[in-house]
Amino acid sequence: MRVLIAGSSGLIGSALVAHLRAAGHDVLRLVRREPAGPDERSWDPPAARIDEGTFDGVDAVVNLCGVGIADRPWSGARRQQLRDSRTVPTEVLAAAVADHGVAAFLSGSAVGIYGDAGPQEVDERAPSGGGFLAELCRDWEGSARKAQEAGARVVLLRSGLVLSRRGGLLGRLRPLFKGFLGARLGRGTQYMPWISLDDHIGAIRFLLEHPEVSGPVNLTGPLPVTNTEFTAALAAAVKRPAGLAVPAFVLKATMGVMGEEMLLYSQRAVPAALQDAGFPFRHVTVGEALSAVVDR
Ligand SMILES: NC(=O)c1ccc[n+]([C@@H]2O[C@H](COP(=O)([O-])OP(=O)(O)OC[C@H]3O[C@@H](n4cnc5c(N)ncnc54)[C@H](OP(=O)(O)O)[C@@H]3O)[C@@H](O)[C@H]2O)c1
């Protein structure tokens, strides 16, 4: 299968490129600079420009674009950037998928769409919730509409917290936990919808290879855990105690709405669509996922 990937230099994208190539797929990277080799094509999302011929023979497009959600405080300008860096590339790609009759469009989203869902399990049929991230995800998913209207198979990748040694949430937490600063956040009852990077990229490949699946798909491990459980599992994986607790008001005072939505909102998201389709998870428990990615 010939797969075109946008956002391929990131945590998920770079691992996905290697994984798909190892599985025998023909991968093209869509880059926001001059192409550096025969496997790259150039584009400029704000100008809606994509190199001529980019979609020749392409069976599927995977869209992983967006500036980092937790990299900077959510000022008004940053919120606009978080939104534009997702909705604009998605609209441009969806229109191109429609124009060129590409069969499948797998486009990014996140479990943040469920807002603060408390202790209830949320599968793909759950309604979206409140807050900045939920609204962002609704707009982001809506930007794929043109591809859907043109009859492409559109899969909305509602990613959970991707666990990898190389970055993301664990890239920030691991040094703290190793330095004896591991702590429960707030009351610790909020659910954290984790997934290992291996399973995340394995799931994207599975979705590429299973044309019967479309629509929203939760990319989360089968057994989401509370923050208290996650804290204990990470402490065990790095062999350190984690007896501290950071009160919710401290997180809100120091990190504002970003801290509240990213660290205190609860999403007990379950991967119903992946499990119904028979995706074989490698890491079923958070302990398995953490011991696979945390070097001791
Ligand atoms: N990692 C997680 O835990 C997680 C959880 C939920 C959702 N997600 C979503 O999944 C996607 C990929 O995540 P990731 O962790 O791999 O992110 P990442 O490491 O930050 O990579 C994101 C990629 O987006 C592209 N990008 C950055 N700014 C852009 C802009 N202004 N316009 C267009 N493209 C831009 C870049 O690719 P190029 O430089 O190659 O263009 C970059 O490599 C993101 O949309 C993210 O929000 C990730």
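When a residue number appears, it is its place in the shown sequence, counting from 1. What you see is a predicted model, and the numbers here were worked out from it, not measured in a lab. Indexing begins at 1, ligand by ligand and atom by atom, following the structure's order.
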Heavy atoms only: which of Ser164, Gly13, Ser159 lies closest to atom 7 (C) of ligand 1? Ser159
Tell me the nearest of Cys65, Gly108, Gly66 to atom 45 (O) of ligand 1, using heavy-atom distances. Cys65
Check: [X] N/O within less than 3.5 Å of ligand 1 N/O:
X	answer
Ile12	yes
Gly10	yes
Ile69	no
Arg32	yes

Using heavy atoms and a 4.0 Å limit, tell me yes or no: is Arg86 in contact with ligand 1? yes
Within the structure, is a non-hydrogen atom of Gly167 found at a distance of less than 4.0 Å from ligand 1? no
Can you tell if the side chain of Glu91 reaches within under 4.5 Å of the side chain of Lys146, non-hydrogen atoms only? no
Would a 4.5 Å heavy-atom cut-off, applied to side chains only, mark Val293 and Ser164 as touching? no
Ser109 and its side-chain hydrogen bond (donor to acceptor under 3.5 Å, both in side chains) partner, picked from Arg158, Glu141, Arg138: Glu141
Identify the closest protein heavy atom to [atom]: which residue and atom is it, and at what distance?
atom	result
atom 5 (C) of ligand 1	Gly160 O, 3.0 Å
atom 17 (O) of ligand 1	Leu11 N, 4.5 Å
atom 31 (N) of ligand 1	Ser85 CB, 3.4 Å
atom 2 (C) of ligand 1	Val162 CG2, 3.5 Å
atom 28 (N) of ligand 1	Val67 CG1, 3.4 Å
atom 23 (C) of ligand 1	Leu64 O, 3.6 Å
atom 42 (C) of ligand 1	Ser9 OG, 3.8 Å

Can you tell me which portion of Trp140 lies within the under-4.0 Å heavy-atom range of ligand 1? Options are side chain, backbone, both, or neither. side chain
Using heavy atoms and a threshold below 4.0 Å, how should the contact between Ser109 and ligand 1 be classified: side chain, backbone, both, or neither? backbone
Any donor-acceptor pair under 3.5 Å linking the side-chain atoms of [Y] with those of [X]?
X	Y	answer
Arg83	Gln80	no
Asp139	Thr87	no
Arg41	Thr54	no

Can you classify the ring geometry of Phe55 versus His100 as parallel (below 30°), tilted (30 to 60°) or perpendicular (above 60°)? parallel
I'd like to know if Asp59 and Arg153 make a salt bridge, using a cut-off of under 4.0 Å between side-chain N and carboxylate O. no
Under the side chain to side chain donor-acceptor pair (under 3.5 Å) rule, what do Arg145 and Gln148 come out as? Steps first, then yes or no, please. CA-CA 5 Å; Arg145 200 174 300 119; Gln148 222 148 8; over 6 Å; no
Are Leu207 and Ile201 linked, directly or through intermediate hydrophobic residues, by side-chain heavy-atom contacts shorter than 4.5 Å (ILVMFWY only)? yes
Ring centres of Phe230 and Trp194 under 6.0 Å apart? no
Residue Ser8 vicinity, atoms of ligand 1 by number, heavy atom under 4.0 Å: 40 (O)
